[in-house]
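First the structure, in the form of structure tokens, and then the observations on it.
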2 protein chains.
Amino acid sequence: MHLSQLRQDFVLHFGEMGSRWGINRTVGQIYAVLFLSDEPLCADEIVEALGLSRSNISMGLKELQSWNLVRLRHKPDDRRDYFTTPEDMWEIVRTLIAERKKREIDPTLTKLRELEMAKPSADDAHAHERIAELRALIEAMTNFYDEMNQLETERLLALLNMGSKLGKFAQGAGKILPLRRKKG
Amino acid sequence: MHLSQLRQDFVLHFGEMGSRWGINRTVGQIYAVLFLSDEPLCADEIVEALGLSRSNISMGLKELQSWNLVRLRHKPDDRRDYFTTPEDMWEIVRTLIAERKKREIDPTLTKLRELEMAKPSADDAHAHERIAELRALIEAMTNFYDEMNQLETERLLALLNMGSKLGKFAQGAGKILPLRRKKG
DNA sequence: CATCCATTTCAGAAATTTCTGAAACTTCAG
DNA sequence: CTGAAGTTTCAGAAATTTCTGAAATGGATG
């Protein structure tokens with residue numbers, strides 16, 4: 001590795017966190033290198049920086065592409081692929097959320113809807129009810145997400161900064177579609 | 001397994017999703033069984049339901065406890081430990097978010113703050129800047145989360161249901177002016 | 001205390017995931 | 001075409017994670 005102390009620390013941290021984030025160590029490290037890099041890097045530069053095999057880096061970059069977390073770039077008179085991460089941090093966050101939703105939530109929502117279709121036997125009454133409740137909750141959250149994700153970053157930021165003031169606002173406004181609350 | 005078709009489908013799905021959710025197959029399956037169960041279950045009942053070893057179930061339950069995803073119960077004249085998941089689905093969501101934040105975000109926030117302390121060499125100027133930007137963004141989000149998490153579920157639900165109307169609200173939001181008539 | 005019953009621990013086995021080098025493939029230039 | 005430069009694929013090796021049975025632990029009871 002020929003990375004500065006700062007970069008190395010950051011890269012190793014991302015490597016360690018990788019597995020908790022649903023990627024692996026190598027993918028986390030590659031992302032970290034790209035995230036900090038002043039300019040786009042090609043595969044061999046990443047190999048150099050991380051001391052991992054070319055094939056591993058290649059697979060890692062594919063994985064990052066499948067997450068839409070890196071952008072492909074080209075330089076004149078150079079046929080190598082160069083990679084960067086977006087400048088805009090909020091774009092990164094949006095991507096991360098969208099991709100994790102796709103992988104961690106959407107399949108379950110599909111499954112829950114499927115399970116909810118079948119009429120439950122008497123023994124399954126309670127289970128069926130719980131499934132329905134979970135499905136409704138996930139739908140409420142993903143619908144909200146879809147709507148928030150439509151907003152421009154500017155607007156989103158304004159909401160973020162309003163923080164607890166939103167709670168006050170919600171005070172008067174609870175009338176629309178109350179979701180089922182427990183304890184009838 | 002002596003689970004109904006419905007339960008079995010649900011359990012297998014949670015097992016498959018487990019690894020994407022940062023737990024393993026067994027833990028996912030145990031959680032699924034408890035989530036659907038009409039009443040608290042003891043370890044041996046789960047062993048019975050899933051056909052896994054007693055020790056594996058024991059470790060899985062420990063893991064679920066470390067996530068605060070299950071509650072311990074006892075029955076009169078029975079010294080076994082029984083487990084349930086909370087009735088209230090929103091409590092579950094809150095726990096899930098809190099625990100994932102704790103595992104996936106807090107350590108990184110700490111690390112970023114630490115890295116940001118050191119004065120960067122000239123070469124690291126851009127890297128240092130990116131780290132600062134990421135730290136600021138994570139702080140903005142976690143502060144927002146902390147504030148939202150203070151709200152009662154009722155209030156949270158009201159916000160969820162307002163959906164895109166919040167975007168409109170963010171529009172004019174220098175002041176708080178509780179209710180301006182929409183669309184002049 | 002000894003016993004019973006339940007839970008936990010833990011070392012090794014089994015399963016899964018990650019990583020590598022070698023070969024295959026692709027594209028472009030001459 | 002042929003070769004050079006780059007990327008991808010993939011089978012097996014290496015590393016890591018999960019799972020198990022056996023033994024250890026805990027704690028209530030008589």
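Just so we're on the same page: letters track the sequence lines, and every chain starts at 1.
Computed from coordinates, the R80(B) CZ to dG27(D) C1' distance equals 16 Å when rounded to whole Å. If you take CG of D77(A) and P of dC28(C), they are 13 Å apart, rounded to a whole angstrom. Rounded to whole Å, atom P of dG6(D) lies 14 Å from atom CZ of F83(A). Taking atom CD1 of residue I23(B) and atom P of nucleotide dC19(D), one finds them 11 Å apart after rounding to whole Å. Put simply, CD on E45(A) is 16 Å from C1' on dT7(D), counting in whole angstrom units. Rounded to whole Å, the distance from CG on D78(A) to P on dA4(D) is 18 Å. One atom, CG of N56(B), and another, C1' of dT7(C), lie 14 Å apart when rounded to the nearest Å. Taking atom CD1 on I57(A) and atom P on dT8(D), their separation rounds to 12 Å, with Å as the unit.
Listed candidates were dT7(D), dC19(D), dA5(D). Nearest to the side chain of A43(A) is dT7(D). When each of dT7(C), dT8(D), dC19(D) is scored by its nearest atom to the side-chain atoms of M59(B), the top-ranked nucleotide is dC19(D). Side-chain proximity of S58(B) to dT9(C), dC19(C), dT7(D): nearest is dT9(C). Residue R54(B) places its side chain closer to dA6(C) than to any other of dC19(C), dT7(D), dA6(C).
The residue among N24(B) and D81(A) whose nearest nucleotide of DNA chain D is located toward the 5' end is D81(A). Ranked by how close their nearest DNA chain D nucleotide is to the 5' end, S19(A) and D44(A) are led by D44(A).
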(message) Determine whether E99(B) and K102(B) satisfy the following criterion, salt bridge (Lys or Arg N to Asp or Glu O under 4.0 Å), listing intermediate values before the conclusion.
(response) CA-CA 5 Å; E99(B) 294 292 327; K102(B) 183 163 81 188; 3.1 Å; yes

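Residue-level contact check: R79(B) touches the bases, meaning some heavy atom is under 4.0 Å from a base atom. Backbone-only engagement by L52(B) is indicated by non-hydrogen atom pairs under 4.0 Å involving sugar-phosphate atoms exclusively. Nucleic acid contact for T26(A): sugar-phosphate only, since backbone atoms but no base atoms lie under 4.0 Å from a heavy atom of the residue.
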Distance-only check: which donor-acceptor pairs under 3.5 Å involve side-chain atoms of residues 13-21 of chain B, not counting sequence neighbours?
unit_1, atom_1, unit_2, atom_2, d
H13(B), NE2, T108(A), OG1, 2.7
R20(B), NH1, R103(A), O, 2.9
W21(B), NE1, E104(A), O, 2.9

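With rounding to the nearest 0.5 Å, the separation of CG in L115(A) from CG in D9(B) is 5.5 Å.
A side chain to side chain contact (heavy atoms under 4.5 Å, CB included) with F83(B) is found for exactly one of L61(B), I30(B), V33(B), namely L61(B).
Between the side chain of S55(B) and the base of dG21(D), at least one donor-acceptor pair of N or O atoms lies under 3.5 Å.
Geometrically, K101(B) does not engage Y145(B) in a cation-pi contact, judged by NZ or CZ lying under 6.0 Å from the ring centre and within 45° of the ring axis.
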